[in-house]
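Comments concern the structure below.
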Amino acid sequence: MTGISLKNIAVFASGNGSNFRAIHQAVTEGDIPGRIGLLVSDNPDCRAVTYARENRIKAEIINFRHNPGTASPGQVLTHILAALPADLVVLAGFMKMIPDSVVQAYKNRILNIHPALLPRFGGRGFYGRRVHEAVIASGAKLSGPTVHFVDEIYDHGPILAQIAVPVLAEDTAESLAKRVLKVEHRLYPEAVKAFCEERIFWKNNIPFIRN
Ligand code: GRF
């Protein structure tokens with residue numbers, strides 16, 4: 001790709017970090033024109049933080065419980081993202097709500113991945129195995145990951161990309177989660193790559209990826 005500058009990416013993760021690893025791998029292999037300059041987590045003991053340290057990616061642990069007299073999580077995040085400076089924020093299994101001030105400052109520059117086909121099966125309380133249990137209980141025959149831009153409401157912002165994954169008669173929440181996660185590792189790097197290559201365009205306030 002010519003004429004496109006490397007994008008600075010900040011990844012936010014609270015848990016295992018397998019999506020973080022998939023994106024980092026794509027960056028390392030030169031498939032994504034970007035660099036991951038920062039991992040933000042609310043959980044110092046998670047696998048994502050260990051992976052960041054092993055790979056010499058700066059890890060910032062943020063306390064999301066705001067203690068009076070100290071900077072708010074929004075202020076702390078604004079400061080560290082500006083220091084990068086971040087072009088893109090990638091939420092990869094991040095369990096805390098992004099403060100409104102950060103969402104507004106990074107409008108259309110924060111991506112999230114959800115393990116079901118939004119706008120169904122999303123919102124507060126829909127995380128982890130609960131998402132897949134709800135999909136199975138609904139009788140839906142298709143599930144699959146959604147990548148969307150983040151707005152002020154949980155799992156609500158403009159949908160950028162989805163891949164359908166069949167729901168099978170013998171599925172448990174665990175087996176469905178496993179199959180969806182595997183597809184996430186393909187979809188999320190592709191979406192981040194499209195952003196970094198400036199291939200996202202908007203039509204009627206809906207984002208699309210140009211091939
Ligand atoms: C994924 O299923 C993602 O869709 C959801 O949280 C999970 C994170 O998994 N938002 P990992 O930490 O990337 O392995």
Side-chain angles (χ1 to χ4, degrees), residues 9-28 32 34 36 38-55 57 59-62 64 88-98 102-103 110-136 138 140 142-167 171-195:
I9 305 168
V11 177
F12 287 33
S14 304
N16 192 29
S18 67
N19 280 289
F20 168 37
R21 294 200 289 280
I23 292 164
H24 179 249
Q25 205 172 331
V27 167
T28 309
I32 295 176
I36 300 178
L38 179 66
L39 173 79
V40 171
S41 187
D42 57 318
N43 178 4
D45 304 319
C46 71
R47 176 83 188 88
V49 170
T50 309
Y51 179 84
R53 297 212 164 112
E54 285 168 359
N55 288 276
I57 297 167
E60 290 270 9
I61 312 299
I62 308 282
F64 271 72
L88 174 65
V89 174
V90 172
L91 308 186
F94 190 62
M95 297 303 287
K96 292 284 189 296
M97 191 79 182
I98 303 299
V102 178
V103 172
I110 309 178
L111 289 174
N112 182 43
I113 190 160
H114 184 75
L117 296 175
L118 294 174
R120 291 187 80 192
F121 311 113
R124 205 174 271 277
F126 279 99
Y127 60 87
R129 63 173 289 140
R130 293 186 198 190
V131 177
H132 305 288
E133 280 167 356
V135 170
I136 291 169
S138 76
L142 289 176
S143 190
T146 300
V147 173
H148 67 98
F149 285 101
V150 169
D151 67 8
E152 290 87 346
I153 304 169
Y154 260 122
D155 299 330
H156 175 268
I159 292 171
L160 177 64
Q162 297 181 306
I163 294 181
V165 170
V167 181
D171 261 332
T172 59
E174 286 72 26
S175 65
L176 182 57
K178 203 168 156 193
R179 211 162 342 101
V180 171
L181 189 63
K182 211 168 158 198
V183 177
E184 291 183 36
H185 297 157
R186 198 170 88 220
L187 183 67
Y188 216 2
E190 274 175 17
V192 171
K193 178 178 163 77
F195 182 98

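Order of listing sets the numbers, starting from 1, for every ligand and every atom in it. Please read all numbers here as calculations on a predicted model, not as lab measurements.
Distance alone, capped at 3.5 Å, places no donor-acceptor pair between the S41 side chain and the P44 backbone.
With ligand atoms numbered from 1 in the order given, ligand 1 contributes 12 (O), 14 (O) to contacts under 4.0 Å with heavy atoms of N16. Taking every heavy atom of E184 and a limit of under 4.0 angstrom, the matching atoms of ligand 1 come to 1 (C), 2 (O), 3 (C), 4 (O). Numbered from 1 in the order shown, with element, the atoms of ligand 1 that lie under 4.0 Å from a heavy atom of G93 read 6 (O), 8 (C), 10 (N).
The nearest non-hydrogen atom to atom 9 (O) of ligand 1, considering only I23, T146, L91, N19, comes from N19.
Across all non-hydrogen atoms, the minimal contact from N43 to S14 is ND2-O, 3.1 Å. Contact between V147 and A191 at its shortest, heavy atoms only, is CG1-CB, 3.9 Å.
Backbone and side-chain nitrogen or oxygen atoms of A92 are examined, and none is located within less than 3.5 angstrom of a nitrogen or oxygen of ligand 1. Between S18 and ligand 1, at least one N/O pair is under 3.5 Å apart. At least one N or O atom of G17 sits closer than 3.5 Å to an N or O atom of ligand 1.
Residue-level proximity to ligand 1 for H114 is carried by the backbone, the only part with a heavy atom below 4.0 angstrom.
For the pair R21/N16, a side-chain contact is recorded, criterion being any heavy-atom separation below 4.5 Å from C-beta on. Residues K96 and I62 are not in side-chain contact: their nearest non-hydrogen atoms beyond the backbone lie 4.5 Å or more apart. For the pair F195/V90, no side-chain contact is recorded, criterion being any heavy-atom separation below 4.5 Å from C-beta on.
Of the inter-residue distances, the one linking H185 atom NE2 with N19 atom CG reads 4.5 Å to the nearest 0.5 angstrom.
Closest to atom 10 (N) of ligand 1 among all protein heavy atoms lies I113 O, 2.8 Å.
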